[in-house]
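Counting convention: from 1, in listed order, for ligands and their atoms alike. Model, not experiment: these values are computed from the prediction.
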Amino acid sequence: MTLRREETVSIPESDLEGVSVDTLAVRAGQVRTDQLEHGDAIFPTSSFVYGSAAQAAARFSGEEPGNIYSRFTNPTVQAFEARIAAMEGGERAVATASGMAAILSTCMALLKSGDHVICSRGVFGTTNVLFQKYLARFGVETSFVTLTDMAGWEAAIRPHTRLIFIETPSNPLCEVADMTALAALAKASDALFVVDNCFCTPVLQRPFEFGADIVIHSATKYLDGQGRCLGGVVIGSNKLMEEVYGFLRSAGPTLSPFNAWVFLKGLETLPIRMRAHCENALELAHWLEQQPGVTEVFYAGLSDHPQHELAKRQQSGFGGVLSFRVEGGKEGAWAFIDATRMISITANLGDVKTTITHPGTTTHGRLSPEDKALAGISDDLVRLSVGIESVADLKNDLNRGLAALAGLR
Ligand SMILES: *Cc1c(COP(=O)(O)O)cnc(C)c1O
């Protein structure tokens, strides 16, 4: 690879061919202006001007490429799109105002009334609401299947199944889907296979390598990683993304240039952050397994996890989220959470700060008791999104939770 030191130019895509995701995270997609800035420029503008009426006409007709209005394109947003597309290994990315806007735009662009969706059970709560409450009103019906139940996926297929939607690993139980098998099923059924890759990011898992048609992110989580901005992105073939882009341009949930700029900065440190998240989470998972009061730990990095081998094939790390069950039911779980001092009690995840959540009464609180049981959301379950603080300090704080459990005995 030769990195050119020419005048203005950004690094041509061909020069970045074959480089690792760590390098793409720092280098891909930057477009330098004639100021030769080293950092990424930010373009906080709603619209763009033209040299002449004829040029304006040419831009609007599509004869001449170029920016018109930031609901359509914006250079900072395009830089973020190019970088994340390169990292995932997809042809094109379309950025959105939030992760939910990414999921909605994908569905609105690619589904129509009468189509059927199969979604893994226990996906992000709002994703569930979007499918069950809103898309259902427009004649798109959704079936839910346990992520690891391959026979269940096959049985759920209907003639009009057009989309298979999963998150892997799952939230909060860290179950792992066999993406190759699901991609084959989708292909045989003429359905699109969509993976919400929010938990792993392209640093740990690249779903296109396992047959995904579309990859979605809530950039709000690890891509930012420091809890500053909301955003999302959809990645896939030029053909599919042209449809998603078309919807976005008409409906308007576009990403702001400021947020795109924050995400560009976030991506630069994503590889080293993800490695730190994984290292801390693995150590805490092993440690929690040995603690009295903790009855079960869910983390794909543990060798007794049912999909440990599959996770090793699909992921280069096991991620930053783990969950565990404690003695004492809901009372035990709440006492554990309330006894921690440093760790933040919040339902957010993917932050450099460690967060702790009781899924049963927050993120998954709207599920019916039956759905909770099917998704494995028990009252004694606690979820930890492990940050990058010192693992010794995290253990000290979690020890306060363990002491509270002992106090209940
Ligand atoms: C947070 C999250 C979303 C939604 O993203 P927003 O940016 O909050 O809209 C979607 N999927 C997963 C897995 C998430 O964790």
Q.
Suppose we measure from atom 6 (P) of ligand 1 to each protein heavy atom; which comes out shortest, and what is that distance?
A. Gly99 N, 3.3 Å
Q) What protein heavy atom sits nearest atom 7 (O) of ligand 1, and how far off is it? A) Thr220 OG1, 2.6 Å
Q) Which of the atoms in ligand 1, numbered in the order shown and given with their element, are less than 4.0 Å from a heavy-atom of Gly231? A) 7 (O)
Q) Hey, does the side chain of Arg59 reach the backbone of Asn67 with a donor-acceptor pair shorter than 3.5 angstrom? A) yes
Q. Are the side chain of Glu167 and the backbone N or O of Phe124 linked by a donor-acceptor pair below 3.5 Å?
A. yes
Q | Proximal atoms of ligand 1 relative to Met100 (non-hydrogen, under 4.0 Å) | A | 4 (C), 5 (O), 6 (P), 9 (O)
Q. Between Lys221, Glu167, His217, which one has a non-hydrogen atom sitting closest to atom 15 (O) of ligand 1?
A. Lys221
Q) Name the one of Leu302, Val386, Asn280, Leu173 that satisfies side chain to side chain contact (heavy atoms under 4.5 Å, CB included) with Leu322? A) Val386
Q) Does a salt bridge link Arg121 with Glu175, judged by any charged N lying under 4.0 Å from a carboxylate O? A) no
Q. Among protein heavy atoms, which sits nearest to atom 5 (O) of ligand 1, and what does the distance come to when rounded to 0.1 Å?
A. Ser218 OG, 2.9 Å
**Q.** Best match, Leu223, Thr96, Thr127, Asp196: closest heavy atom to atom 12 (C) of ligand 1
**A.** Asp196
Q: Write out the residue and atom name of the closest protein heavy atom to atom 4 (C) of ligand 1, then the distance separating them to 0.1 Å.
A: Phe124 CE2, 3.4 Å
Q: May I ask you to say whether Asp40 pairs ionically with Lys265, meaning some side-chain N is under 4.0 Å from a carboxylate O?
A: yes
Q.
If we check side chain to side chain contact (heavy atoms under 4.5 Å, CB included) with Thr363, which of these qualifies: Ile377, Leu349, Thr357, Thr126?
A. Thr357
